[in-house]
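Ligands are counted one by one from 1 in listed order, and the atoms in each one are counted from 1 as well. Model, not experiment: these values are computed from the prediction.
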Amino acid sequence: MTIKLSSTESVQNFFKEVSGFNNDQGSQRMKKLVNRILIDTIKIIEDMEVTTEEFWKAVDYLNRMGARGEAGLLVAGLGLEHYLDLLLDAQDEQAGLTGGTPRTIEGPLYVAGAPLSEGETRMDDGTDAGTVMFLQGQVKDVDGKPIAGAIVDLWHANTKGTYSYFDTTQSDYNLRRRIVTDSEGRYRARSIVPSGYGCPPEGTTQEVLNLLGRHGNRPAHIHFFISAPGYRHLTTQINLSGDEYLWDDFAYATRDGLVGDIRFIEDAVAAKARGLDGERFAEIDFDFQLQSAAAPAQEQIRDRVRAEA
Ligand code: MBD
Ligand code: FE
C-alpha cells in the first residue's frame, strides 16, 4: 500500500508553517493559495506514486520552460487558457450577459502599442511575398447598430506562422496594427494571408505534447482586441476556413461563430482594380458585435503581463 502522509496532522501543520500561517506578514490570499497548491501537490505525489526521479524531472522542466519563456504557450496547449474562456462564458450566462461575438483566447504573442490609424491600414512591411489579403468589416452593437470610433487592435503571423517581436527577423510591429472604425463602424486592412502557427519543435511545450501524442499546430488565424466606450472589451480571433487544423487546434481557440470565410480570387482585372500587379489575392469580411458595458471596468482589457515593443 502507498504511504499517505498528506492527511496527517504533523504534515498538515508543517505546510501551514511553510505557507506563512504562523506569521502576520505577507498576503493572506497568497498564503491560502500556496497552502492549497502544496497540499494538492503532495496528494498527487502520494496518489500517483510520483517517484523522486519524476519529481526532479518536473523541477528541471520548469527551469527549462521558464528559460525559453514558454509558460504562456504551455497553458494554451494544455487547454487552460480555453478553460478560462469557458469559465467566463458560464459566469456571463449566469449574469444574463449573452449575445455578441464570442470571446476566445488571446494567446501568448500580443504586443501592445501597435501603430494606430483611422479607418484603414496596411499591416505588412512588403518583405513577405505572401498572398495579399484584404480584410474588412464592421463593429456593431448587439442590435446591429454600427459603432464609430471603436479600436480594432489586430495581429497575425506571417507566411511562416511566426509573429513579429518574438520572431526578431521581422520588422517592428509587422502584421500588428490598431484601426479606429469610421463613421459607419468600418475597419479595413490590407495584409498578407497568414500561415498557421506551430510550436517550436525543439521547445518545452512540444516536448510535453509529444509525450501526450499530440501535435502543436494552430490553424491560420487573426487575433483581435476590440474596444469602444460604453461596450465590453472583446478578445477574440477569426480562424480561417479551409485550414486542416481549423477544428484540430492545439490551443482549442476555434469556436462556432469565429470561422472566417477566406475567398481566394484569381482575376487580373479585379486585382488591378485593387492596385495589385498579379492576379491572385484573398478577401475576408468579418463583422464583430459588442455587448454593452454594465460598468466601466468591463470596457477595459483584463490585466495580464504583456510585451510592449
Ligand atoms: C499562437 O499564435 C496562438 O494564437 C496561441 C493561442 C498559441 C500559440 C501561438
Ligand atoms: Fe496566434
Side-chain angles (χ1 to χ4, degrees), residues 65-66 68-89 101-112 114 123-124 128 130 133 135 152-170 173-178 189 191-210 212 214-226 234-255 257-260 262 284 286 288 301-302 304-307 309:
M65 176 193 70
R68 291 184 55 95
E70 287 201 24
L73 193 58
L74 183 69
V75 296
L78 293 182
L80 292 169
E81 195 173 2
H82 177 64
Y83 161 79
L84 294 180
D85 282 341
L86 298 178
L87 196 60
L88 291 172
D89 288 354
T101 303
R103 61 165 60 86
T104 199
I105 64 172
E106 170 180 334
L109 304 174
Y110 177 71
V111 180
M123 298 179 70
D124 65 298
D128 190 328
M133 171 179 80
L135 169 65
V152 176
D153 189 344
L154 72 164
W155 69 104
H156 67 79
N158 65 6
T159 59
K160 295 194 174 86
T162 63
Y163 287 78
S164 64
Y165 181 87
F166 302 95
D167 169 4
T168 54
T169 70
Q170 294 185 45
Y173 288 114
N174 190 39
L175 311 177
R176 300 177 184 277
R177 291 293 184 273
R178 287 178 295 162
S191 196
I192 52 167
V193 178
S195 292
Y197 173 93
C199 290
E202 74 289 3
T204 49
T205 301
Q206 190 60 55
E207 179 182 332
V208 166
L209 294 173
N210 288 344
L212 302 180
R214 292 177 47 200
H215 68 72
N217 298 305
R218 298 216 52 216
H221 62 278
I222 304 163
H223 295 265
F224 293 85
F225 287 157
I226 304 187
L234 176 67
T235 298
T236 196
Q237 307 177 12
I238 58 184
N239 290 274
L240 303 188
S241 58
D243 193 295
E244 65 172 309
Y245 295 109
L246 182 63
W247 294 106
D248 186 21
D249 176 3
F250 98 99
Y252 308 96
T254 307
R255 309 187 83 176
L258 297 180
V259 177
I262 185 162
I284 307 177
F286 203 92
F288 297 92
I301 190 169
R302 285 164 188 270
R304 169 173 175 175
V305 174
R306 296 182 173 89

With Tyr163 as partner, the option from Gln170, Arg176, His223 fulfilling side chain to side chain donor-acceptor pair (under 3.5 Å) is His223
Would you say the side-chain atoms of His221 pair up with the backbone N or O of Pro219, donor to acceptor, closer than 3.5 Å? yes
No-hydrogen, no-angle side-chain donor-acceptor test under 3.5 Å, Asp128 and Thr159: yes
Who's the nearest protein heavy-atom neighbour of atom 8 (C) of ligand 1, and how far? Leu73 CD1, 3.3 Å
Taking only heavy atoms of Pro108 into account, list the atoms of ligand 1 that are under 4.0 Å away from them. 5 (C), 7 (C), 8 (C)
Please assess Arg302 against Glu106 for the test salt bridge (charged side-chain N to carboxylate O under 4.0 Å, His left out), listing each intermediate value before the final yes or no. CA-CA 11 Å; Arg302 285 164 188 270; Glu106 170 180 334; over 6 Å; no
When you measure from the Fe ion (ligand 2) to the N, O or S atoms of Tyr197, does any of those distances fall below 2.8 Å? no
Looking only at protein heavy atoms, which one is nearest to atom 1 (C) of ligand 1, and what is the separation? Leu109 CD1, 3.7 Å
Does Glu81 come within less than 4.0 Å of ligand 1, judged by its heavy atoms? no
Counting non-hydrogen protein atoms only, what is the nearest one to atom 4 (O) of ligand 1? Give residue, atom name and distance. Arg218 NH1, 2.7 Å
For Thr162 and Asp167, test the side chains for any donor-to-acceptor distance below 3.5 angstrom and give the result as yes or no. yes
For residues Arg218 and Asn239, is any side-chain donor paired with an opposing acceptor at under 3.5 Å? yes
Please write down residue, atom name and distance for the protein heavy atom closest to atom 2 (O) of ligand 1. Tyr163 OH, 2.9 Å
Do ligand 1 and Tyr197 have nitrogen or oxygen atoms that lie under 3.5 Å from each other? no
Taking 2.8 Å as the cut-off, does an N/O/S atom of His223 lie below it from the Fe ion (ligand 2)? yes
Establish, yes or no, whether a centroid distance under 6.0 Å links the rings of Phe224 and Trp155. no
Distance filter under 4.0 Å to Ile105 heavy atoms, resulting ligand 1 atoms: 6 (C)
Test of understanding: given a 4.0 Å heavy-atom threshold, classify the contact between His221 and ligand 1 as side chain, backbone, both, or neither. side chain
Salt-bridge test for Arg68 and Glu207: reply yes if a basic N is under 4.0 Å from a carboxylate O, no otherwise. no
